[in-house]
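Below, each value reflects all heavy atoms present in this structure, side chains not excepted, and no hydrogens, waters or symmetry copies.
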Amino acid sequence: MIKIELQPFERDDFARLIGWITSADLIQQWAPSTFTYPLDDNQLEKYIQTSQGEKPTKKIFKAVDTHTFAVVGHIELDRIDLQNRSGTVSRVLVGEASLRGQGIGTQMVKKLLQFGFEELKLHRISIGVFDFNIAGVSCYEKVGFVKEGYFRDAYKAGDKYWSYYVMSILESEWKSSDV
């Protein structure tokens, strides 16, 4: 099984991420309202700048295989609010389709939760996930997220509307979990 660690996402990672985003549908599912297809360096440059500075409100990571050092995924902790001790998991992606379904996404989310709860001392971390993303919902429940709400037809994708769940995990739940 691949074991991963999170490292900062950098400009050298742009081409790889662009290569993973192969369709307009994928970009709508992965980063609605953040990016447009085709993804390019200019969009990623603006994106990475939002994670820099004295008190950034997001931390962007790549997931790296600790054995081969290959980059296998992307994940972000967004809307970091140190006063209210909260944040939101965003833009979770296992890059190569052949690597999906092997637990890499679960490891990425666990590592991000560890960073949020242990390093940043957050109290609550949330996530929004489209209801048709069964693997995503399962992954988040596996690591301890709880469904809090369901937003029906809340996002317009072409001629269709997509619904999504809002889920969260609290610091106390993280500390008492077996994951």
Side-chain angles (χ1 to χ4, degrees), residues 1-53 56-80 87-120 122 125-130 132-145 164 167 169 174 177-179:
M1 181 172 149
I2 294 175
K3 292 198 183 274
I4 64 108
E5 68 179 17
L6 298 182
Q7 296 177 5
F9 178 74
E10 301 169 334
R11 286 172 184 86
D12 291 346
D13 300 308
F14 286 8
R16 181 183 314 99
L17 183 58
I18 290 168
W20 288 341
I21 306 299
T22 56
S23 71
D25 285 344
L26 179 56
I27 210 163
Q28 277 192 311
Q29 292 174 39
W30 175 66
S33 307
T34 301
F35 299 119
T36 58
Y37 186 80
L39 188 59
D40 59 33
D41 285 352
N42 290 333
Q43 292 179 74
L44 290 175
E45 183 62 38
K46 290 176 187 170
Y47 173 61
I48 203 169
Q49 286 176 7
T50 64
S51 69
Q52 299 171 341
T57 58
K58 70 175 67 182
K59 293 285 189 176
I60 308 167
F61 298 97
K62 59 187 170 190
V64 179
D65 179 327
T66 59
H67 181 69
T68 66
F69 306 108
V71 177
V72 296
H74 181 94
I75 194 167
E76 171 189 328
L77 185 60
D78 195 8
R79 299 183 195 131
I80 299 169
T88 302
V89 178
S90 299
R91 282 160 276 297
V92 181
L93 178 68
V94 175
E96 299 295 332
S98 63
L99 295 176
R100 296 178 189 151
Q102 298 181 30
I104 294 170
T106 301
Q107 286 186 66
M108 289 168 44
V109 174
K110 285 181 183 178
K111 296 281 186 183
L112 193 70
L113 292 176
Q114 182 179 15
F115 171 77
F117 288 128
E118 295 179 11
E119 305 248 345
L120 297 181
L122 299 181
I125 298 177
S126 63
I127 191 164
V129 58
F130 290 118
F132 58 80
N133 184 352
I134 305 301
V137 172
S138 174
C139 167
Y140 308 136
E141 288 179 330
K142 189 184 306 179
V143 300
F145 280 87
Y164 68 93
M167 305 172 77
I169 183 171
W174 167 255
S177 72
D178 293 336
V179 293

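At distances below 3.5 Å, at least one donor-acceptor pair connects side-chain atoms of T66 with backbone N or O atoms of K3. Put simply, the side chain of Q29 never gets that close to the backbone of F130: no donor and acceptor are under 3.5 Å apart.
Scanning all heavy atoms of the two residues, the minimum distance from I169 to V143 falls at CD1-O, 3.5 Å. Across every non-hydrogen atom of L122 and G87, the tightest pair is CD1-N, 4.0 Å. Scanning all heavy atoms of the two residues, the minimum distance from I127 to Y140 falls at CD1-CZ, 3.3 Å.
Under the rule for a side chain to side chain donor-acceptor pair (under 3.5 Å), E10 has no partner lying at least two apart in sequence or in another chain. Every residue two or more places apart in sequence or in another chain that forms a side chain to side chain donor-acceptor pair (under 3.5 Å) with K62 is listed here: D13. Among residues two or more places apart in sequence or in another chain, the side chain to side chain donor-acceptor pair (under 3.5 Å) test is passed with D78 by R91. Qualifying side chain to side chain donor-acceptor pair (under 3.5 Å) partners for D41, counting only residues two or more places apart in sequence or in other chains: none. Taking E141 as the reference, K147 meet the salt bridge (Lys or Arg N to Asp or Glu O under 4.0 Å) condition, with sequence neighbours excluded. Partners of E118 according to the salt bridge (Lys or Arg N to Asp or Glu O under 4.0 Å) rule, which considers only residues two or more places apart in sequence or in another chain, do not exist here.
Within a 6.0 Å radius of CZ in R100, more than 12 heavy atoms belonging to other residues, nucleotides or ligands are found. Other residues, nucleotides and ligands place more than 12 heavy atoms under 6.0 Å from the NZ atom of K58.
No option in F9, W20, F61 other than F9 meets the ring pair (Phe, Tyr, Trp, His ring centres under 6.0 Å) test with H74.
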**Study point:** Check against side-chain contact (heavy atoms from CB on, under 4.5 Å), L44 and F35
**Key:** CA-CA 9 Å; L44 290 175; F35 299 119; 3.9 Å; yes

**Study point:** W174 vs Q114, side-chain contact (heavy atoms from CB on, under 4.5 Å): CA-CA, chis, key distance, verdict
**Key:** CA-CA 8 Å; W174 167 255; Q114 182 179 15; 3.9 Å; yes

Practice item. Give the intermediate values and the outcome of side-chain contact (heavy atoms from CB on, under 4.5 Å) for residues I104 and D65. Key: CA-CA 9 Å; I104 294 170; D65 179 327; over 6 Å; no

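In this structure, the side chains of L77 and L120 come closer than 4.5 Å at one or more pairs of heavy atoms.
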